[in-house]
A.B. asks: 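Pasting a structure below so you can have a look.
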Amino acid sequence: ELKVEQNPLFLSMQEGKNYTIYCNYSTTSDRLYWYRQDPGKSLESLFVLLSNGAVKQEGRLMASLDTKARLSTLHITAAVHDLSATYFCTSGTYKYIFGTGTRLKVLA
Amino acid sequence: NAGVTQTPKFQVLKTGQSMTLQCAQDMNHEYMSWYRQDPGMGLRLIHYSVGAGITDQGEVPNGYNVSRSTTEDFPLRLLSAAPSQTSVYFCASRAQGSSGNTIYFGEGSWLTVV
């Protein structure tokens with residue numbers, strides 16, 4: 001059965017710093033998604049990664065996928081306060097399983 | 001540009017009552033699913049459907065029923081509400097095949113069972 005694990009669960013970082021969130025999944029699947037969720041809101045799609053070695057970037061966020069290691073990373077470059085949110089990864093084919101989320105707080 | 005529409009947005013139920021959470025999408029997506037999110041937690045899959053007439057169980061299906069009579073609608077029924085079902089419920093959809101890259105989520109339905 002597919003399991004998805006994220007770490008860290010909580011991340012407090014200073015503005016301007018870089019950091020990486022990790023997403024490990026247990027079985028092969030055809031795609032890996034990253035989402036952002038603000039408190040009391042729905043999920044906002046960030047990235048969809050479809051193949052081994054896929055790398056996508058949007059602003060200060062960059063996501064990558066290594067299907068052999070069953071690992072995806074979400075890298076944050078020069079963090080700003082607006083990036084404070086909870087970030088989720090999810091994988092699967094039809095039965096999408098979510099990671100527990102990484103609650104990111106960027107301090108001014 | 002409706003996307004995925006959930007109703008109601010907020011609901012309070014008494015223990016033992018039944019109700020239906022409605023989900024509709026106007027994007028002609030084959031795949032639809034229901035998740036619940038408890039406070040401070042991730043999303044857990046309740047049921048999903050890959051097309052009209054086809055449904056399957058997710059991680060936490062007990063206490064919930066679904067049906068998919070049309071492509072557009074995927075209602076979630078709570079048979080006999082329990083306080084443990086207090087949660088935020090999200091409906092999601094995506095297209096099948098290579099064009100189905102993004103999973104779209106509804107705004108959520110906040111359910112409290114007292």
Side-chain angles (χ1 to χ4, degrees), chain A residues 1-11 21-27 29-51 54 56 58 63 65 72 74 84-105, chain B residues 2-7 9-10 21 23 25 27 29-51 54-61 66 68 74 87-110:
Chain A
E1 178 145 323
L2 176 63
K3 293 189 178 180
V4 178
E5 294 183 348
Q6 282 181 243
N7 66 84
L9 298 183
F10 298 96
L11 179 54
I21 299 171
Y22 297 89
C23 174
N24 288 92
Y25 55 98
S26 61
T27 63
S29 66
D30 67 346
R31 56 197 74 192
L32 190 293
Y33 297 84
W34 284 97
Y35 283 88
R36 167 184 172 141
Q37 187 180 37
D38 293 301
K41 301 292 185 181
S42 185
L43 281 79
E44 174 190 351
S45 178
L46 296 175
F47 301 108
V48 183
L49 303 169
L50 298 176
S51 60
K56 290 196 174 180
E58 181 73 34
L65 179 63
S72 181
L74 181 65
S84 297
T86 299
Y87 293 85
F88 292 100
C89 63
T90 180
S91 185
T93 301
Y94 299 119
K95 210 167 182 175
Y96 292 100
I97 305 299
F98 275 75
T100 48
T102 296
R103 193 174 298 178
L104 172 66
K105 187 171 184 178
Chain B
V4 180
T5 303
Q6 291 182 231
T7 57
K9 184 149 188 171
F10 300 98
L21 297 176
C23 177
Q25 50 88 13
M27 297 173 281
H29 286 172
E30 297 90 344
Y31 176 87
M32 296 184 75
S33 56
W34 277 102
Y35 289 86
R36 62 176 287 173
Q37 184 177 33
D38 299 325
M41 305 286 286
L43 279 73
R44 290 185 292 169
L45 180 64
I46 305 172
H47 286 286
Y48 66 97
S49 169
V50 297
I54 305 169
T55 64
D56 205 348
Q57 296 182 347
E59 302 170 271
V60 289
V66 292
R68 186 92 181 271
F74 191 43
S87 192
V88 183
Y89 291 84
F90 289 101
C91 180
S93 76
R94 77 165 175 87
Q96 296 284 65
S98 59
S99 62
N101 287 341
T102 300
I103 305 173
Y104 297 88
F105 283 84
E107 294 298 303
S109 295
W110 273 253

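Just so you know, these numbers come straight off a predicted model, no measurement behind them. Below, read A as the first sequence line, B as the second, and so on, with proteins coming before strands; counting in each chain starts at 1. Every heavy atom of this structure was used, including side-chain atoms; hydrogens, water molecules and symmetry mates were not.
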A.B. asks: Of all the heavy-atom pairs spanning B/L45 and A/K95, show the shortest one and how long it is.
C.D. replies: CD2-CG, 3.5 Å

A.B. asks: What is the ring orientation for A/F98 with B/F105, classed by angle as parallel under 30°, tilted 30 to 60°, or perpendicular over 60°?
C.D. replies: perpendicular

A.B. asks: Identify the two heavy atoms, one from B/G106 and one from A/S42, that lie closest to each other, and give their separation to 0.1 Å.
C.D. replies: O-OG, 2.5 Å

A.B. asks: Please classify the contact of A/Q37 with chain B as side chain, backbone, both or neither, using a heavy-atom distance under 4.5 Å.
C.D. replies: side chain

A.B. asks: Hey, is the main chain of B/Y31 close enough, under 3.5 Å, to the side chain of A/Y94 for a donor-acceptor pair?
C.D. replies: no

A.B. asks: What is the distance from atom OH of A/Y96 to atom OH of B/Y35, rounded to the nearest 0.5 Å?
C.D. replies: 8.0 Å

A.B. asks: Which region of A/F47, side chain (C-beta onward) or backbone (N, CA, C, O), has a non-hydrogen atom less than 4.5 Å from a non-hydrogen atom of chain B, or is it both or neither?
C.D. replies: neither

A.B. asks: Go through A/V48, A/L9, A/V4, A/T90 and name the one with the most non-hydrogen pairs under 4.5 angstrom from chain B.
C.D. replies: A/V48

A.B. asks: Counting only non-hydrogen atoms closer than 4.5 Å, does A/S45 touch chain B with its backbone (N, CA, C, O), its side chain (CB onward), both, or neither?
C.D. replies: side chain

A.B. asks: Might you point out which heavy atoms bring A/F88 and B/G42 nearest each other, and give the distance in Å?
C.D. replies: CE2-CA, 3.5 Å

A.B. asks: For B/L43 and A/L43, what are the C-alpha separation, side-chain angles and deciding distance, and is it a side-chain contact (heavy atoms from CB on, under 4.5 Å)?
C.D. replies: CA-CA 10 Å; B/L43 279 73; A/L43 281 79; 4.0 Å; yes

A.B. asks: Return the minimal non-hydrogen interatomic distance between B/R94 and A/Y33, and the atom names on each side.
C.D. replies: CD-OH, 3.6 Å

